Amino acid sequence: MATKHSHGPNFGKKVDGCPRCDDLKAGAEPVRWAMSRREQDELRAAEIRAHDCKASGCSIVCTFGDW
């Protein structure tokens, strides 16, 4: 987990003395809160490929990948 900011929102400006701003100035990656649509699709496809009906005890018709 990333270090927390010690100040309120400031629209991307780095504040001197803030531990998180200092981390960002030193090259830390910004925190991403949302995945792109492509990343969501890739994750869902990987989950479907990894699904094992025998281990999950699916019935005759597997509905694992259904929305």
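Model, not experiment: these values are computed from the prediction. Along the sequence shown, residues carry numbers from 1.
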Contacts of Glu42 meeting side-chain hydrogen bond (donor to acceptor under 3.5 Å, both in side chains) (sequence neighbours excluded), chain-then-number -> Arg38
Go through the steps for Leu24 and His5 under the test side chain to side chain contact (heavy atoms under 4.5 Å, CB included), then give the verdict.
CA-CA 11 Å; Leu24 292 169; His5 285 282; 4.2 Å; yes
Cut-off 3.5 Å, no hydrogens considered: what does the side-chain donor-acceptor table look like for residues 10-22, sequence neighbours left out?
from	atom 1	to	atom 2	distance (Å)
Asn10	ND2	Lys13	O	2.5
Asp16	OD1	Lys25	NZ	2.8
Arg20	NH2	Glu29	O	3.0

Residue set satisfying side-chain contact (heavy atoms from CB on, under 4.5 Å) with Glu39, at least two apart, ordered chain then number -> Arg32, Met35, Ser36
By salt bridge (Lys or Arg N to Asp or Glu O under 4.0 Å), Arg49 pairs with (sequence neighbours left out) none
Residues passing the side-chain hydrogen bond (donor to acceptor under 3.5 Å, both in side chains) test with His51, sequence neighbours excluded, are none
Cut-off 3.5 Å, no hydrogens considered: what does the side-chain donor-acceptor table look like for residues 53-60, sequence neighbours left out?
from	atom 1	to	atom 2	distance (Å)
Ser56	OG	Asp52	O	3.1

